[in-house]
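Not measured: the values here are computed from a predicted model.
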Amino acid sequence: MHKPVKYVEKAVTVAATGVWAVFERLNRIKPNPSPTPKWSDKPLLKSYEKSKPPLGWPRTTDSLCPKCVPEIRQQILDGELPHEILLNEKVGEIKATIIERDGKILMVKDCPKHGHFEDVMSIDPEFSQHLEEVFPGRDITAHNDEKLHNHGSSTVKYGRGSVLTVDLTNRCNMMCDPCFMDANQVGFVHELTWEDIKTVLDNAVTIKPRRQMSVQFSGGEPTLSPYFLDAIRYARKVGYNSVQAATNGIEFAKSLEFAQQAVEAGLRYAYLQFDGIGNAANSHRAVGNLFDVKLKAIDNLHAAGCEIVPVVTIVNGINNEQVGNIIKFALDNPKKIGFLSFQPVSFTGRDEAVTDERRQAQRYTLSHLAHDVKNQTGLGEPTRDWFPISFMGTFSDWADVMHANDANNDWGQLSCGCHPNCGTGMAVMIDKETKEAVPVTAFLKGDQLAKDIAKVNDAARSKFWSGIGMALCLMKNYDPFHSPTHFKLMDLLQKFDKNYNVTGRNYGKVGPDRTMDDVMKRRKDRWNFLFIAGMWFQDLFNYDFRRTEQCIIPYATQEGEISFCAYNTGVGWRNIIEKMHMTATLTKWYEEHGRHEIFAGGKKVNLENTSHSLVLNDEIVTKEVQHDLDKLGIAKTAREEKVRARDQKQKNDPAYNARMAALYREVVLKEKTATSEGGFIPLNALKNNGGIAPAPTPEVSEPVLGD
């Protein structure tokens, strides 16, 4: 039985539909030209002016050979080739075709030297078609950017992005596998100086369109940088209202005071590495009490006034069963978790040399995510409730039109203009009091809403009439009978007002002058707009240059701003730039600074206590690791894969087998052999590393690292 107010709201939506028909017809008469705001030298784009990359399938695109690229990159690192070759030549590039076969979307490509490659892009063509059909188009082409966007085929061409990533250091206090940057294993330290940090942030604001971006300090582990807090302060000073840290949470779990210092400096979001519910579900990170660390970090960060975004690297066969558990955890804690970011594994960094067998078994796509969410939680229909992240660009365009002539409008709206294959998401409205959760597009017609708003944008009317147009769009596309029980149409309108500052009402400031009172004021909202996002970063097996050129997550580096995927994978700009601007070898660094503590081999983080205020349902706490890959006999990690390859090589080596036979006679049969008499092979080396039995992994604070 519906509440009486729901029937009143239904009448309002019917009336709004009639008013919209008149409004839209009048709005089409002599539309205004698109304004050129202060933050852009080019006018805003109307919906029909936006360009799109080739979409659908079959289609051809530009890609990379997974074998050629590492070879050429190594030549650059060894000094045999200049890095400028990446600017002037199409290094390692080959054509790829995206096709549909056997109910899947595949990328297939052939290298004249290394042969045939193919990989899965989607397990649901209908889902992928839906994402591409509702893609609104690219952002304004980037301009005033020649000094920062100059990276050959990898150059970012469109927009300004939405998250500017700054790696403060390549040092880390964990030894994760997977790790897209191979932290702690490259033999040197690359750490930004204070001048470097200021320079990359100052440079970032020169690019137009000058959009309001999030600045995310990352690494390695950014909290290890001596300039972590200063960097946060400076980013706020420059004008960014959303400063984030991509962190494993260890330092925040160890100290509430440190979390408070970070928030006082200006930290707004913690992108917290988070792989599952329970220590068993996090055991592949090789920290004995990692889940306890996560809970304590969330508790401390929230108490300090920071918002938390659990970031989940999803690996098929390792933790894909955790998708539902993590969402249920967020639903149980709606006052503390407002965003979830699932990131399907990218086989790069520590995993770039992955075998075909493991890659095929562990590959996880955005389509996997949409179906796992539905199957494990019952939430969402893949082709109704999931949209490309760039879908929100239409709403950003509306805010840009509305605020274009504001006197203090120095920044454009944050806009996620990425390729529809890059990211997807589903919005869920949660009642913080009852914890009822309903996908937003179950009661708000997403496709039609975007089409209606685009018409408001194209007319480019005044702030008042653009606001009226948005209100009518929301009301006519709202279905009160499918919204949460206590949710009202006015709540929906207020949500948009809170996000886009239509009326000027103070819901709690988010700018550089934000205070703890503002944080508490924004948290009073009964409704949590939980966004479940999937961001799929590329690797050499599925690389598409049409994606990198409209990247929304550029890295700010000492050699300009580079697409996330081009930096971490692709031609491998990370490896090259970090080597070019190396701070010191590990030996030199340790001599001058000492060794920081590293948690590996099952070592536990020393916490004062593990108490927390989060709701933790014992039914979803995983007690045992996922065994899918064990049943298939497939390695779980790059390290395990290397050990197996080494053992197999030794098994097939006649000389090695002869030495093993001699060892057997000496140790077991107590015979005198050439081994014992001549000493040509160390006994301990054979026992520990020769493949008889792997040596146990010690609980050490520092792995053995070389120069």
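- Residues passing the salt bridge (charged side-chain N to carboxylate O under 4.0 Å, His left out) test with Glu9, sequence neighbours excluded: none.
- Looking at Lys294 and Asp275, no side-chain N of the basic residue comes within less than 4.0 Å of a carboxylate O on the acidic one, giving no salt bridge.
- With Gln322 contributing its side chain and Gly276 its backbone, the two residues share no donor-acceptor pair below 3.5 Å.
- Checked against the 6.0 Å centroid threshold, Phe339 and Phe529 do not count as a close aromatic pair.
- Residues forming a side chain to side chain contact (heavy atoms under 4.5 Å, CB included) with Lys455 (at least two apart in sequence, or on another chain): Trp20, Glu24.
- One N or O on the side chain of His403 and one on the backbone of Tyr500 form a donor-acceptor pair closer than 3.5 Å.
- Salt-bridge annotation for Asp525 and Lys495: present, with a side-chain N of the basic residue lying under 4.0 Å from a carboxylate O of the acidic one.
- Between the side chain of Ser483 and the backbone N or O of Pro480 there is at least one donor-acceptor pair closer than 3.5 Å.
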Trace of the side chain to side chain contact (heavy atoms under 4.5 Å, CB included) decision for Ile552 with Val163
CA-CA 6 Å; Ile552 61 167; Val163 179; over 6 Å; no

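- The line from OG1 of Thr247 to CG of Leu272 is 6.5 Å long, rounded to the nearest 0.5 Å.
- Side chain of Arg268 to backbone of Cys306: no donor-acceptor contact under 3.5 angstrom is found.
- By the 30° and 60° cut-offs, the orientation of the rings of Trp386 relative to Phe127 is perpendicular.
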Worked check of side chain to side chain contact (heavy atoms under 4.5 Å, CB included) between Met516 and Met520:
CA-CA 6 Å; Met516 194 64 180; Met520 294 300 107; 3.5 Å; yes

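- For Asp410, the side chain to side chain donor-acceptor pair (under 3.5 Å) partners two or more places apart in sequence, or in a different chain, are Lys38.
- Counting heavy atoms from C-beta outward, Met470 and Val456 have side chains that stay 4.5 Å or more apart.
- With sequence neighbours excluded, no residue forms a ring-ring contact (aromatic ring centres under 6.0 Å, His included) with Tyr269.
- Side-chain polar atoms of Thr548 and Ser563 form no donor-acceptor pair below 3.5 angstrom.
- Here CG of Leu530 is found 11.0 Å from NZ of Lys432. Values are rounded to the nearest 0.5 Å.
- By the 4.5 Å heavy-atom criterion applied to side chains, Pro554 and Arg160 are counted as neighbours.
- Taken to the nearest 0.5 Å, the OG atom of Ser346 stands 8.0 Å off from the CZ atom of Phe564.
- By the salt bridge (charged side-chain N to carboxylate O under 4.0 Å, His left out) test, Asp447 is found to be paired with no residue, residues two or more places apart in sequence or in another chain being considered.
- Residue pairs meeting the salt bridge (charged side-chain N to carboxylate O under 4.0 Å, His left out) criterion with at least one member in residues 300-320, sequence neighbours excluded, are Glu307-Arg523.
- Atom OG of Ser242 sits about 7.5 Å away from atom CG of Leu414, to the nearest 0.5 Å.
- Shown here are the ring-ring contact (aromatic ring centres under 6.0 Å, His included) partners of Phe329, two or more places apart in sequence or in another chain: Phe274.
- Atoms CG and CD1, on Leu366 and Ile314 in that order, are 11.5 Å from each other to the nearest 0.5 Å.
- Taking 4.0 Å as the cut-off between side-chain N and carboxylate O, Arg211 and Asp139 count as a salt-bridged pair.
- Exactly one of Asn319, Ile327, Asn325, Ile326 qualifies for a side-chain contact (heavy atoms from CB on, under 4.5 Å) with Val323. That residue is Ile327.
- At a threshold of 4.5 Å between non-hydrogen side-chain atoms, the residues Ile468 and Arg461 do not count as touching.
- When Asn457, Asp397, Thr394 are each tested for a side-chain contact (heavy atoms from CB on, under 4.5 Å) with Pro136, only one passes: Thr394.
- Residues Trp536 and Tyr364 have side chains not in contact (no heavy-atom distance under 4.5 Å, counting atoms from C-beta outward).
- Legend: residues meeting side chain to side chain contact (heavy atoms under 4.5 Å, CB included) with Asp458, ordered by chain and number and at least two apart, are Lys46, Ser47, Tyr48.
- No donor-acceptor pair closer than 3.5 Å links the side chain of Asp332 to the backbone N or O of Leu616.
- For the pair Thr17 (side chain) and Thr13 (backbone), a donor-acceptor distance under 3.5 Å is present.
- Every residue meeting the ring-ring contact (aromatic ring centres under 6.0 Å, His included) condition with Trp527, not counting sequence neighbours, appears here in chain and number order: Phe487.
- Between the side chain of Gln550 and the backbone N or O of Gly417 there is at least one donor-acceptor pair closer than 3.5 Å.
- For the pair Asn300 (side chain) and Phe252 (backbone), a donor-acceptor distance under 3.5 Å is present.
- Applying the salt bridge (charged side-chain N to carboxylate O under 4.0 Å, His left out) test to every pair with at least one member in residues 119-130, sequence neighbours left out, gives these pairs: Asp119-Arg359, Asp119-Arg363.
- Taken to the nearest 0.5 Å, the CZ atom of Arg546 stands 12.0 Å off from the SG atom of Cys422.
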Under the criterion side chain to side chain contact (heavy atoms under 4.5 Å, CB included), I'd like the reasoning laid out for Thr313 against Arg285: C-alpha separation, chi angles, the key distance, then a yes or no.
CA-CA 11 Å; Thr313 300; Arg285 299 288 183 181; 3.7 Å; yes

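- Using a 4.5 Å heavy-atom cutoff, the side chains of Pro344 and Thr365 are not in contact.
- Side-chain N or O atoms of Gln538 include one that pairs as donor or acceptor with a backbone N or O of Asp544 at under 3.5 Å.
- Other residues, nucleotides and ligands place no more than 12 heavy atoms under 6.0 Å from the NZ atom of Lys104.
- A salt bridge is absent between Asp497 and Arg505; no separation between the charged side-chain nitrogens and carboxylate oxygens falls under 4.0 Å.
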Chi angles and distances behind the side chain to side chain contact (heavy atoms under 4.5 Å, CB included) call for His486, Glu433:
CA-CA 10 Å; His486 301 286; Glu433 305 301 324; over 6 Å; no

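- With a 6.0 Å radius and a threshold of 12 heavy atoms from other residues, nucleotides or ligands, Lys335 has its NZ atom at or below the threshold.
- Val243 and Ala235 get closest at one heavy-atom pair: CG2-CB, 3.9 Å.
- Applying the salt bridge (charged side-chain N to carboxylate O under 4.0 Å, His left out) criterion to Arg522, with sequence neighbours excluded, gives no partner residue.
- Applying the side chain to side chain contact (heavy atoms under 4.5 Å, CB included) criterion to Gln626, with sequence neighbours excluded, gives Asn320, Glu321, Asp628.
- No donor-acceptor distance shorter than 3.5 angstrom exists from the side chain of Asn248 to the backbone of Gln273, with no hydrogens or angles considered.
- Taking the six-membered ring where tryptophan is involved, the planes of Tyr478 and Phe443 are perpendicular, since the angle between them exceeds 60° and thus also 30°.
- Taking all atoms of both residues into account, the shortest heavy-atom contact from Leu267 to Ala245 is CD1-N, 3.6 Å.
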